[in-house]
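Below: one structure, written as structure tokens.
Fair warning: this is a prediction, and the values are worked out from it, not measured in the lab.
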Amino acid sequence: PDTMEVVTLQLGHYASMVGAHFWNIQEAQLDYSGAQVVEEGNPDNGAKVDPGVLFRTGETLRGEPTFSPRVLIMDLQGGLKALPKEGLLYGAPGQPSDATWQGEMQTIRAAEQPRGRYMEELDTAEAQGESAPDVPLASTEVESWSDYLRTYLHPRSIDVIQEFRHQDPALSFDAFWLGRELMGQPSTPYLDTLEDSTRLFMEECDAPQGIQIFADSDNGWAGVLGATLEMLRDTYDKKTITVFGMHSPQHSLGFEPSDDPLLAQTKLQFHRNHRTRSAAYSMYVANEHASLYVPMSTNTTWSSGPGARARQFGQQLIYDVSSRYHTSALLATAIDGVTAPFRTTSRDVTWNHAVAGLYSETSTRTAALLMSLPFLQDGNPLSTQLSRHTQGGASLRSSLTSLFPSHESSVAPRFGVYSLRGTNDIPLTPTLEEMRQQQSMTALDRCTTATEMFSRYLGQSAPATKFLGHCVATSTPTRSPFPRIFSPKRNKTMPLVALEAGGNLTAATTVLVHEFKRLGYKPSFCADWQLEDHQTMLSTLQSALEE
């Protein structure tokens, strides 16, 4: 069957931090020939992930095969740190040719950015023909997504916006109208470059399934997202476009606004207001042009101000709630988990089917991503572990933590897509001898495949919910440079991830829309954003909630 490829876009620095973890997870499932790593076990215990869905093949200058993500990345100047814009897939960029000028010359070089500690040790290991190092990184060591991205990128994967600098307090890229205005200027080539590069990757595909976008949705990248979605929808009218909107912890740009306490408080309040307006704009443009919009945050609220709390995932997962390195790893694990069943070799269902099911049950194109991490433990059979999750009045709802701001998982949705990873790493059922000793055999013990068992569990746990349930054979790799957030340490984990529509999702969205309405229109922000634009956006968001 056709591979049904997916092209990925990453817009913004935090989105690329999520993306770096996401690509490390995918890369860990490849061997050096690019084939799928197949673990031993029951072949019926879940489908195998097909790397061809996300990766493109090529060759180095020496004829060696390469496998690079089919991804396009946009970041601000300085956001790449030591990574060259052309990437390192074909070696370091060459030096400029000798100049022909015979007169006096003066060479001025910018200070070289240091490589991250993990990347330096990885370079050393590869040069010596050794396996990747196991290097625990502290949050303070990570300044950029390039500090831990193991995957080699295609030379056309990265584009850098020159008008703004990463973490520049003097000119913060923290409001949607900045990105909207930038992308609308005829003199800036970014949208044309993105369109050309997207077309290059799409034309390489045999049967492209669609486009997925990781985007910073609460700062200036919201404006870039709007222009990008409009361009993509005009070009690929029939393709599924899924947007995962990232909300980072604390400041959306990852730095404190000022050393002066009084000035810092004023700038912080402006920033929070900009963040709310940008988040609302992302939802507005995504509902207008995307097939599905999934806002994601480890915070419980849309705002990072007073009252914001961090999500908790249980006693076995301890993470730095203020760290963009840690929180982005959690978001990447959730995205990988929910999309993995639609990137397998089985081809029994596509992402388009899942999106259609979600969209049929909600008035907006918005869905919530929820996760239980870890859901399964090593050792005990799958049937035993699933049975324990239904004992003592426990339910699927109590196991899941929502990643949708202002949303709680207590109310069952109308439709859900559920994915369970790692079913090949544990036995399916107890042995006959173990069942005799227990003097019991549950309905789950009678199942012959992991998918059948998982579907029966979902039917018992959420009888009022329409659902698609899928199992993926392999666990999610969490080896270095994935942060050490599990206790005890794990090199792989078995999450349960859900993508849900309906339920109390409308109430969570209403919180954002009401806050946007309260802030009102400010004509001084941008000449390109008029009162009529503001009123149209507010009316569209309110109408979607009322349907």
[X] and [Y]: which non-hydrogen atoms are nearest, and at how many Å?
X    : Y    : value
R311 : S402 : NE-O, 2.9 Å
S278 : A222 : O-CB, 3.6 Å
H13  : W221 : N-NE1, 4.2 Å
T339 : Q212 : CG2-OE1, 4.3 Å
P413 : Y418 : CG-OH, 3.7 Å
P249 : Y14  : CD-OH, 3.8 Å

With a 3.5 Å cut-off and no angle check, do the side chains of [X] and [Y] form a donor-acceptor pair?
X    : Y    : result
Q26  : D336 : yes
T478 : R484 : no
T8   : R70  : no
H247 : S217 : yes
Q10  : S16  : yes
T298 : T327 : no
S322 : D320 : yes

Hey, are the side chains of [X] and [Y] touching, using non-hydrogen atoms and a 4.5 Å cut-off?
X    : Y    : result
E27  : Y152 : no
P295 : T366 : yes
V285 : Y293 : no
H21  : P483 : yes
L331 : F214 : no
S157 : F201 : yes
F375 : P495 : no
F55  : T151 : yes

**Study point:** Worked verdict on R56 versus S68 for side chain to side chain contact (heavy atoms under 4.5 Å, CB included)
**Key:** CA-CA 5 Å; R56 62 188 301 278; S68 57; 3.3 Å; yes

Can you tell me how far [atom2] of [Y] sits from [atom1] of [X], rounded to the nearest 0.5 angstrom?
X    : Y    : atom1 : atom2 : value
E5   : I211 : CD    : CD1   : 12.5 Å
L194 : L232 : CG    : CG    : 6.5 Å
L11  : L225 : CG    : CG    : 6.5 Å
T401 : E408 : OG1   : CD    : 9.0 Å
H166 : D168 : NE2   : CG    : 10.5 Å
M246 : M296 : CE    : CE    : 5.5 Å

Practice item. Please step through side chain to side chain contact (heavy atoms under 4.5 Å, CB included) for the pair T124 and E121, ending with a clear verdict. Key: CA-CA 5 Å; T124 301; E121 297 202 22; 5.5 Å; no

Is a side-chain donor or acceptor of [X] paired with a backbone partner of [Y] at a separation under 3.5 angstrom?
X    : Y    : answer
S475 : M494 : no
T276 : R272 : yes
Q77  : R165 : no
S409 : L400 : yes
S406 : A508 : no
N24  : R150 : yes
R421 : T474 : yes
D159 : M74  : no
S480 : D134 : no
N352 : T240 : no

Check your understanding: Could you give all pairs that pass the ring pair (Phe, Tyr, Trp, His ring centres under 6.0 Å) test and reach residues 116-139, with sequence neighbours left out?
Key ->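 Counting only pairs at least two positions apart or across chains, no ring pair (Phe, Tyr, Trp, His ring centres under 6.0 Å) contact touches residues 116-139.
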
**Study point:** Derivation and outcome, side chain to side chain contact (heavy atoms under 4.5 Å, CB included), residues M4 and D50
**Key:** CA-CA 10 Å; M4 300 194 70; D50 179 1; over 6 Å; no

Review point. Is the H353 to F342 ring centre distance short of 6.0 Å?
Key: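 No, too far apart.
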
Measure the acute angle between the ring planes of [X] and [Y], then classify it against the limits of 30° and 60° as parallel, tilted or perpendicular.
X    : Y    : result
F244 : W351 : tilted
Y281 : Y284 : tilted
W302 : F404 : perpendicular

Point to revise | Residue list, salt bridge (Lys or Arg N to Asp or Glu O under 4.0 Å) with D147, at least two apart or on another chain | key: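 For D147, the residues satisfying salt bridge (Lys or Arg N to Asp or Glu O under 4.0 Å) (neighbours in sequence not counted) are K81.
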
Point to revise | By salt bridge (Lys or Arg N to Asp or Glu O under 4.0 Å) - contacts of R490 (at least two apart) | key: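 Partners of R490 by the salt bridge (Lys or Arg N to Asp or Glu O under 4.0 Å) criterion come out as none, since no residue qualifies.
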
Review point. Can you name the one residue among Y325, F486, F313 that meets side-chain contact (heavy atoms from CB on, under 4.5 Å) with Y319?
Key: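 It is F313; the other options fail the test.
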
Practice item. Apply side-chain hydrogen bond (donor to acceptor under 3.5 Å, both in side chains) to R365 and T242, showing your working. Key: CA-CA 10 Å; R365 302 190 180 191; T242 303; over 6 Å; no

**Study point:** Check against side chain to side chain contact (heavy atoms under 4.5 Å, CB included), R156 and L200
**Key:** CA-CA 10 Å; R156 291 192 62 170; L200 170 70; 3.8 Å; yes

